[in-house]
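Given the structure is predicted, the values throughout are model-derived calculations rather than measurements. Proteins get letters first, then strands, A, B, ... in listed order; numbering begins at 1 in each.
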Amino acid sequence: MESINESERKKILLQGNEAIVAGALAAGCRFFAGYPITPASEISEILSVKLPEVGGTFIQMEDEIASMGAVIGASLAGVKAMTATSGPGFSLIQENLGYGCIAEVPCVIVNVMRGGPSTGLPTSPSQGDVQMTRWGTHGDHPIIVLAVSSVADCFSVTIKAFNLSEKYRIPVIILSDEVVAHTRESVTLPDQDQIRIFDRVKPDVPSDWYKPYADNNRGVPDMAAFGDGYRHHVTGLVHDEKGFPTQDSQEIDKFLRRIHTKISKGFQDIQITKTHLMEDAEVCVIAYGSVARSALRAVRDARKLGVKAGLVQLVTLFPFPRKAVDTYLRQCRVVIVPEMNMGQMSREIGRVNQAGCRIVKHNRIDGQLITPEEILKHLTTV
Amino acid sequence: MESINESERKKILLQGNEAIVAGALAAGCRFFAGYPITPASEISEILSVKLPEVGGTFIQMEDEIASMGAVIGASLAGVKAMTATSGPGFSLIQENLGYGCIAEVPCVIVNVMRGGPSTGLPTSPSQGDVQMTRWGTHGDHPIIVLAVSSVADCFSVTIKAFNLSEKYRIPVIILSDEVVAHTRESVTLPDQDQIRIFDRVKPDVPSDWYKPYADNNRGVPDMAAFGDGYRHHVTGLVHDEKGFPTQDSQEIDKFLRRIHTKISKGFQDIQITKTHLMEDAEVCVIAYGSVARSALRAVRDARKLGVKAGLVQLVTLFPFPRKAVDTYLRQCRVVIVPEMNMGQMSREIGRVNQAGCRIVKHNRIDGQLITPEEILKHLTTV
Amino acid sequence: MVKESILKTGGTSKKPAAAKPKKKKLYTVIFFNKWCKSCGLCSALCPKKIIKSDELGFPAIENMDRCSGCRFCEIHCPDFSITIKERHPRRRRTNGKH
Amino acid sequence: MVKESILKTGGTSKKPAAAKPKKKKLYTVIFFNKWCKSCGLCSALCPKKIIKSDELGFPAIENMDRCSGCRFCEIHCPDFSITIKERHPRRRRTNGKH
Amino acid sequence: MLECAEIIRKEYLRHDKKFPHVWCPGCGNGIVMGALLRAVHSLGLDKDEVVLASGIGCSGRMPTYVDFNTIHTTHGRALTFSTGIKLARPELTVMTVMGDGDSTAIGGNHFIHAARRNLNLTAIIINNSTYGMTGGQYSPTTPYGSKSTTSVYGHVEHAFNIAELAATAGAAFVARSTVYHATHMEEMLKKGIEKRGFSVIEIISNCHVQHGRRNKLGGAVEMINGFKQRSVTIEKATKMSADELEGKITIGVLADVEKPVSTEEYQRIVEEAKNKAEIITKAKEKNGVKRYEE
Amino acid sequence: MLECAEIIRKEYLRHDKKFPHVWCPGCGNGIVMGALLRAVHSLGLDKDEVVLASGIGCSGRMPTYVDFNTIHTTHGRALTFSTGIKLARPELTVMTVMGDGDSTAIGGNHFIHAARRNLNLTAIIINNSTYGMTGGQYSPTTPYGSKSTTSVYGHVEHAFNIAELAATAGAAFVARSTVYHATHMEEMLKKGIEKRGFSVIEIISNCHVQHGRRNKLGGAVEMINGFKQRSVTIEKATKMSADELEGKITIGVLADVEKPVSTEEYQRIVEEAKNKAEIITKAKEKNGVKRYEE
Amino acid sequence: MKSDERYEIRFSGSGGQGIITAAVVMADGVGAYDNQHVCQTQSYGPEARGGKSKAEVVISGSPIDYPKALRVDLLLAMTQAACDAYFSDIKSDGLLVVDSDLVKQLPTSRSVSIPFTQIAKEKIGRELVANMVALGAVGFLCGQVSLEGLEKALLSRVPKGTEQINSEALHAGIEEAKKINFDLLPKSVFSEWEDEL
Amino acid sequence: MKSDERYEIRFSGSGGQGIITAAVVMADGVGAYDNQHVCQTQSYGPEARGGKSKAEVVISGSPIDYPKALRVDLLLAMTQAACDAYFSDIKSDGLLVVDSDLVKQLPTSRSVSIPFTQIAKEKIGRELVANMVALGAVGFLCGQVSLEGLEKALLSRVPKGTEQINSEALHAGIEEAKKINFDLLPKSVFSEWEDEL
Ligand SMILES: Cc1ncc(C[n+]2csc(CCOP(=O)(O)OP(=O)(O)O)c2C)c(N)n1
Ligand SMILES: Cc1ncc(C[n+]2csc(CCOP(=O)(O)OP(=O)(O)O)c2C)c(N)n1
Ligand code: SF4
Ligand code: SF4
Ligand code: SF4
Ligand code: SF4
């Protein structure tokens with residue numbers, strides 16, 4: 001869906017999962033720990049081949065909990081790290097994911113969604129894990145969730161995920177789905193030197209002065225790696241500026257609010273939406289993931305039928321791009337929200353709908369990709 | 001907070017966690033599997049003593065994942081079963097919890113909330129796990145979440161939890177918090193014969209005819225236990241009426257929608273709210289858990305100051321009691337939502353706020369119970 | 001309560017005292033092609049090497065009389081597609097019971 | 001690169017050749033009461049049984065000269081509250097180095 | 001009387017389930033299923049009183065096909081479900097079938113704890129040295145140096161010896177067999193099911209499709225014949241040197257010990273509890289002094 | 001030269017942390033911490049290159065106090081974090097301290113897998129037979145028959161032998177000591193840290209507050225003296241009968257084997273990969289034929 | 001007591017003094033044996049170790065809303081540190097009760113000083129039961145609990161075998177408290193000039 | 001092709017016939033070696049085992065929105081079952097290509113029957129490469145891919161050592177397809193009367 005600079009030389013046919021690997025390697029990922037699961041296994045498999053080639057490390061752990069632990073460990077030791085799984089595995093990483101949030105450890109987690117709950121529909125696409133990625137771990141925590149809808153997205157959003165993760169010291173989740181993961185598309189990958197890479201900011205103070213959780217104007221403390229000479233303490237307990245556990249209400253409050261505000265300070269950078277034909281749209285579809293592609297087709301078809309339709313594609317699902325969505329809720333008469341779940345993002349849209357725009361949910365949970373026809377029907381009848 | 005029939009003989013001083021045990025035993029719970037964690041450990045400890053006394057079984061498993069597995073196993077074998085944990089443990093049970101939802105296994109999970117995320121603030125109260133209980137496991141799934149605010153609640157809500165669980169074949173979560181768990185209060189427990197107990201409906205057809213997942217007018221299939229002579233299959237895959245995995249879109253859709261609608265059919269039974277001084281209230285507080293008690297005090301104090309204040313206490317958090325809340329949003333000028341989190345229920349209230357009522361969030365995340373004064377301040381200034 | 005293994009193999013079963021030791025028992029090997037996946041295990045494992053493939057790739061017995069009734073094929077068929085039955089020559093069948 | 005254990009116990013350390021074997025070494029046992037939790041391990045484990053309790057319950061040495069410098073108390077103190085130092089009688093101290 | 005295969009097909013297989021089953025042609029899972037059904041039949045167990053649980057994996061599909069009380073749990077957790085079932089209804093015969101990944105990768109902890117705890121359960125582990133279902137990634141029993149979809153350069157980790165692990169963790173009965181040794185396997189399964197306490201039967205099986213293919217071990221036939229060649233009985237094995245045993249598969253009963261079985265112990269506790277109850281409850285009442293805790 | 005205790009206090013303890021530490025009076029955790037610091041010091045390790053990780057529990061508080069790169073992870077998962085750290089920076093000396101519950105209850109799987117995998121890591125397990133931090137519930141090493149806050153009727157399960165479990169799972173080095181044997185413990189720790197491969201040092205320690213009290217084992221002094229009485233060296237133990245060993249604590253080096261260490265093997269793979277890369281990537285490209293999967 | 005009125009007692013001291021036990025027994029006496037509503041809370045966390053320890057009992061004729069103390073009617077302080085830390089929440093007509101040997105600096109003259117620890121040591125022979133001596137005094141002074149109820153509660157909550165000694169301690173405390181002449185106490189815990197502010 | 005037009009090919013047959021491989025090579029040929037956008041999907045799940053197998057290739061001059069086929073331009077059916085199941089989505093001017101030995105019942109006369117399997121067996125000597133024979137024919141008939149591109153894609157996607165035999169198969173397919181006389185085919189896949197409805 002992204003306009004890519006066509007060039008014979010670099011054009012290749014990639015599967016979604018392959019493109020995530022390509023994006024991760026381009027972003028500087030040099031550590032992967034995972035546990036196989038359909039439909040994410042290809043990410044492990046390909047990285048097991050590619051990582052050693054670039055001097056990185058691949059390890060298959062005993063389960064997803066262990067994988068997430070290893071990813072956090074590697075990141076704390078200074079290496080960009082990632083894991084990839086699907087719903088059942090994601091349900092298992094929740095505890096350590098929360099650790100990543102409170103200890104502010106950059107890392108990327110890919111969730112290639114399949115039908116749930118539980119073992120569910122292992123080989124069918126779904127978007128049933130949206131709210132889970134936001135709320136699955138206990139306690140209030142910030143998190144970033146990005147969705148991919150095409151092979152090109154898989155590459156570029158993965159890079160973005162690593163960049164945000166490093167910039168804000170936070171776990172970033174990439175939500176893919178079975179359709180995107182297994183679709184092959186021809187894409188043109190940019191040269192490595194054309195890619196903007198963000199690396200975590202390292203401290204430059206003398207080691208004695210280093211406070212690993214001190215606030216600054218970004219709200220994101222500088223981050224030393226284990227072995228860098230800045231001996232420090234990392235814990236999953238609420239901690240003070242130095243990283244040591246605290247029970248002091250004021251320190252607690254300050255810390256927990258900082259890890260939330262560091263994200264709100266970055267909304268502009270973090271909240272990504274794409275629009276198609278929205279300039280004069282009166283009816284719009286808000287969609288994400290593979291469904292956004294059905295939606296685009298439907299919008300184009302609707303235009304042909306004279307309906308002023310448009311598409312808002314959410315790339316960032318959380319922090320929910322309230323501001324952007326609000327604009328379109330004010331612009332449009334009706335908003336259609338097709339999802340392969342019971343309405344997990346339409347909840348969010350409803351929540352911010354102060355304009356009182358009419359919101360039409362379209363939900364499919366039978367393991368099939370929503371078709372353009374289904375959406376078109378709404379577009380032409382509302 | 002419940003008006004209890006005073007009677008010298010049965011009045012006892014109980015801690016919140018003790019009262020949950022008392023409620024569970026009264027409801028017929030005869031199996032507990034758990035793993036110790038502050039501030040829920042007393043539930044395990046007391047049940048380890050009491051269960052054998054009534055012929056039940058207590059087992060401490062190797063972790064929370066195993067505990068949840070054992071609870072589901074025991075329930076499938078026909079015994080009412082429960083586990084109790086806190087945030088970190090809850091994060092771990094997510095996968096098996098989803099299994100409970102898809103295989104429609106009655107069981108009760110107590111989450112005594114402490115400060116999060118991660119290890120967080122192990123000994124401090126919090127309400128940070130509200131959204132997690134709703135959304136923590138992957139895939140779309142129905143679930144029931146009840147909150148307790150007093151020792152008396154601990155007893156009666158636990159009974160309600162078991163009853164709903166059995167009636168709707170669904171895991172029910174009880175959200176307690178460190179304050180409620182460790183507060184001791186004098187309570188009068190009713191006689192066992194005064195307690196209404198609901199047991200799952202067993203099939204009465206010949207075993208050959210039994211379809212363990214067949215729809216009926218309640219949407220809740222009759223449930224045979226292993227060993228009852230109704231040999232059947234249970235799986236975490238999406239399944240057909242007979243319990244066998246299916247890939248048929250129509251069967252999938254039918255099944256997944258049924259497990260959602262069985263809950264919506266029961267809204268009246270499931271969605272519990274309590275009100276205090278709401279008849280003529282112009283300003284109200286919507287609260288739950290221990291905070292509801294601070295809120296009640298604040299409301300009473302506000303009345304003394306001439307403010308027409310009222311309290312809506314949510315007992316059922318999910319399925320969110322939209323209808324009831326909507327009524328109060330229409331009635332009141334302002335709604336104050338105090339929570340020991342960043343605003344997890346105020347999200348839900350905002351989501352259903354079609355009346356455009358002003359919603360004032362009051363959030364505390366420093367490990368301290370919100371005081372009546374803090375709420376009173378809002379009541380007197382809004 | 002506990003029964004003997006239901007698997008009475010021709011090769012190893014203790015011969016009942018009354019059995020005539022010299023009379024070679026005969027067996028019928030029945031293939032249930034509907035479930036068979038043509039994995040070839042039966043023919044590879046048959047000690048008598050009498051199981052071959054038919055033109056569709058399904059197993060077929062070359063010389064039924066050579067079957068020793070060892071049931072090795074039966075218990076190794078992963079698809080429950082083989083049944084070994086004792087075959088009683090005509091005279092036995094006429095005596096009306098077994 | 002690898003150093004010897006920093007724990008040189010009086011009882012077991014090899015005596016340097018130059019040492020006068022007959023001269024008994026003397027030690028000072030210093031208790032750091034700020035960290036001490038009065039657990040009683042030092043006094044229970046001291047082979048010479050010279051650690052007693054003072055009126056506040058903190059450990060105290062009865063007869064410092066009897067300390068053999070075995071450091072058993074030091075390495076068993078869970079609170080890092082004991083330091084054993086070699087004590088050099090006055091004449092040694094005057095020779096200016098050690 | 002029905003013949004063996006007929007009994008199995010008619011009495012133990014679920015006919016409303018679509019056969020042929022999902023396993024690949026020649027997969028050992030079917031051989032194990034047959035042996036298990038024969039073992040159950042010859043023990044004379046009532047189908048209503050038998051539970052077969054599984055985790056997730058190719059092996060995990062077994063419960064779908066057999067006419068017992070069956071449950072296909074989550075990946076690695078089957079023994080925890082079985083624990084709940086057994087404790088809730090001790091009179092049931094509860095068996096759990098798992099793959100090597102299911103039982104010793106994600107489920108490793110539950111496995112060693114079930115062994116330690118010594119409930120009266122039977123664990124059947126179909127060890128095919130790989131994750132068959134997800135496409136042949138390395139498992140905890142993939143041999144050092146082997147190829148898999150996640151170890152194309154050769155595996156750098158070492159394999160568990162499942163049976164030994166079970167014995168060390170405390171299993172009361174541990175046996176090993178292979179899909180070649182179908183009758184022996186049946187025998188081991190019978191012994192395991194009859195054993196009071198936690199019993200483990202490790203069955204070496206072939207996943208020629210994922211593991212065999214990538215490691216030049218041939219197809220089902222070659223792999224299964226390989227098991228024949230590599231197997232030695234425990235009796236012989238005890239007389240062999242470590243070097244001689246290299247690459248061999250020791251089959252037979254590896255451990256069989258008597259010790260208190262928790263399932264029964266719990267019953268005893270229940271009796272005692274009713275008496276002691278009053279006294280202890282009082283003493284137990286916490287005095288409220290809490291310590292810092294996490 | 002600074003004296004022993006002074007070196008530790010001045011160079012290895014974090015003074016900005018509030019001492020006295022949180023452990024109860026007489027708790028063995030402090031004794032282990034001392035021995036560990038002495039071992040690190042005598043090995044001449046650079047503090048900047050040492051990582052001490054822990055899980056959650058009383059023992060889990062150790063990293064807070066020592067001036068290395070330290071991490072207090074989640075309950076039971078410390079070894080997984082350590083695995084990531086070690087693989088990312090193989091030059092660091094990574095040690096992991098855990099309680100018996102942390103390492104063998106919730107963390108049991110990571111423990112046996114770390115042993116199997118044989119990375120160059122050191123695991124120090126403080127085995128006090130109970131969950132100290134949460135108030136004395138039974139742990140996987142609580143002896144049969146013991147009382148705890150969740151086994152007031154006497155424990156019906158059996159205990160793990162942690163060291164044996166580690167050895168069976170594949171640890172390259174396994175030793176045991178007790179808090180009584182502080183110098184021996186230091187020695188074992190040194191050997192373990194120096195060992196190439198996964199090393200486990202199990203240290204029998206006292207939680208008199210939770211375990212001792214409930215089982216009439218006395219206070220810290222009595223428990224620690226008990227360890228002295230019950231200990232036998234591995235050399236002696238090998239000459240004793242099982243009956244004689246009943247209730248004894250075998251101390252010393254229980255296993256020390258040489259085998260490929262994954263940390264190093266990974267390095268080899270990386271080298272090879274760069275060469276083989278081209279060829280394999282091609283061959284690896286999946287042909288798209290997928291099977292049913294879960 | 002008017003049905004929505006509250007009477008609040010705070011027990012404070014240091015970890016190990018049995019502060020929480022005293023509060024629990026108090027609550028049990030009020031709640032289970034008297035016909036009052038009662039709510040008992042305590043502070044958890046590292047704070048409770050070695051350092052300060054705090055437990056509260058709220059008593060009311062009607063169900064209790066906020067479970068923690070709002071304005072304390074009676075503060076028992078068994079250490080100076082506890083007295084200093086927790087005195088501020090006391091009502092103007094509240095009462096401070098202290099161990100006279102351990103709390104020397106009294107922030108108000110509306111206070112009662114009794115040598116609980118000394119009584120425990122000398123009269124009962126075990127310092128450990130000082131908490132029960134104090135409980136006896138508090139029970140009597142607060143006037144919110146029947147003394148039989150309190151004793152029953154105590155008997156049901158202390159370890160087997162220690163009933164005798166604990167109940168002796170309770171009675172010693174009650175007796176000691178009976179000696180107090182309330183008329184001699186000022187009406188407010190605040191000094192005159194503070195009241196005038 | 002106009003930039004937002006789509007050309008859709010569906011490959012179908014039974015599991016084990018190499019249907020997906022053929023589609024992937026086609027997509028690679030179009031996408032990586034030609035200057036077109038391409039999107040290739042397949043059906044997963046048990047259905048793909050033994051039973052029907054399906055893979056789709058969508059080609060367009062501009063980026064492709066919906067990744068799956070909407071109205072199929074060319075359907076390759078390598079079994080009767082596949083032909084029956086997947087024919088319904090074909091465009092009225094679409095083309096059906098079948099293995100003449102395996103698909104006997106043709107739902108339309110706008111179809112091309114070629115004995116792919118027989119060619120593979122007889123001309124190339126290995127039945128397994130029937131999918132490549134078919135691919136050659138499809139590649140030629142669809143007119144959406146340069147045949148060199150297709151061959152390059154094939155060479156890069158088949159296992160080492162099988163390049164020769166696979167490319168022979170491809171060429172055999174192309175040759176066979178060249179023999180088809182398009183003028184003899186009806187304009188619509190639907191019979192006359194259907195068109196009139
Ligand atoms: C939590 C979770 N993680 C991963 C998976 C994916 N998965 C399904 S089966 C399996 C491994 C199966 O291997 P094994 O247990 O050896 O059984 P086999 O298929 O070889 O019989 C995996 C990793 C899953 N279903 N759930
Ligand atoms: C997921 C999770 N479950 C439970 C707990 C509670 N918990 C904290 S420490 C602990 C056990 C500690 O026992 P052990 O590891 O033996 O260490 P010790 O305290 O005895 O040193 C438990 C159960 C937790 N923190 N996280
Ligand atoms: S073993 Fe069974 S499935 Fe395999 S070929 Fe023989 S009959 Fe067919
Ligand atoms: S029973 Fe034995 S001899 Fe007869 S066909 Fe089968 S394997 Fe061959
Ligand atoms: S993939 Fe392997 S284990 Fe699974 S069915 Fe096929 S041969 Fe058997
Ligand atoms: S509870 Fe036990 S393990 Fe924890 S500090 Fe106290 S004595 Fe040590």
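- Ranked by non-hydrogen atom pairs under 4.5 Å with chain A, the options F/Val51, F/Thr83, F/Leu87 are led by F/Leu87.
- Comparing A/Lys242, A/Glu95, A/Arg30, A/His232 by how many heavy-atom pairs each has under 4.5 Å with chain F, the most go to A/His232.
- Considering NE2 of A/His239 and OG1 of F/Thr64, their distance stands at 12.5 Å, rounded to 0.5 Å.
- Both the backbone and the side chain of A/Asp228 come within less than 4.5 Å of a heavy atom in chain F.
- Using a 4.5 Å heavy-atom cutoff, the side chains of A/Val234 and F/His72 are not in contact.
- If you measure heavy-atom distances from A/Ile59 to chain F, the contacts under 4.5 Å come from both the backbone and the side chain.
- Note: F/Phe81 and A/Tyr99 meet the aromatic proximity criterion, with ring centroids under 6.0 Å apart.
- A/Arg231 has no carboxylate O lying under 4.0 Å from a charged side-chain N of F/Asp46, or vice versa, which leaves the two without a salt bridge.
- Other residues, nucleotides and ligands contribute over 12 non-hydrogen atoms within 6.0 Å of the CD atom of F/Glu91.
- With a threshold of 4.5 angstrom between heavy atoms, A/Ala33 does not approach chain F through any atom at all.
- Side-chain contact check for A/Met68 versus F/Thr74: every heavy-atom pair is 4.5 Å or farther apart.
- At a 4.5 Å heavy-atom cutoff, F/Arg116 makes no contact with chain A through either its backbone or its side chain.
- Most heavy-atom pairs under 4.5 Å with chain A, from the set F/Ile112, F/Thr73, F/Ile269, F/Asp67: that is F/Asp67.
- The shortest side-chain heavy-atom distance between F/Arg14 and A/His233 falls under the 4.5 Å cut-off.
- Only the side chain of F/Leu92 has a heavy atom closer than 4.5 Å to any heavy atom of chain A.
- Ranked by heavy-atom pairs under 4.5 Å with chain A, the first of F/Arg89, F/His75, F/Arg77, F/Lys86 is F/Arg89.
- With a 4.5 Å cut-off on non-hydrogen atoms, F/Lys47 touches chain A through its backbone and its side chain both.
- In terms of heavy-atom pairs under 4.5 Å with chain F, the best-connected choice from A/Thr57, A/Asp63, A/Leu76, A/Ile65 is A/Ile65.
- Comparing F/Leu79, F/Val94, F/Ile71 by how many heavy-atom pairs each has under 4.5 Å with chain A, the most go to F/Ile71.
- Between A/Val79 and F/Ala88, the shortest heavy-atom contact is CG2-CB, 3.7 Å.
- Looking at A/Phe226, both its backbone and its side chain come within 4.5 Å of chain F, counting heavy atoms on both sides.
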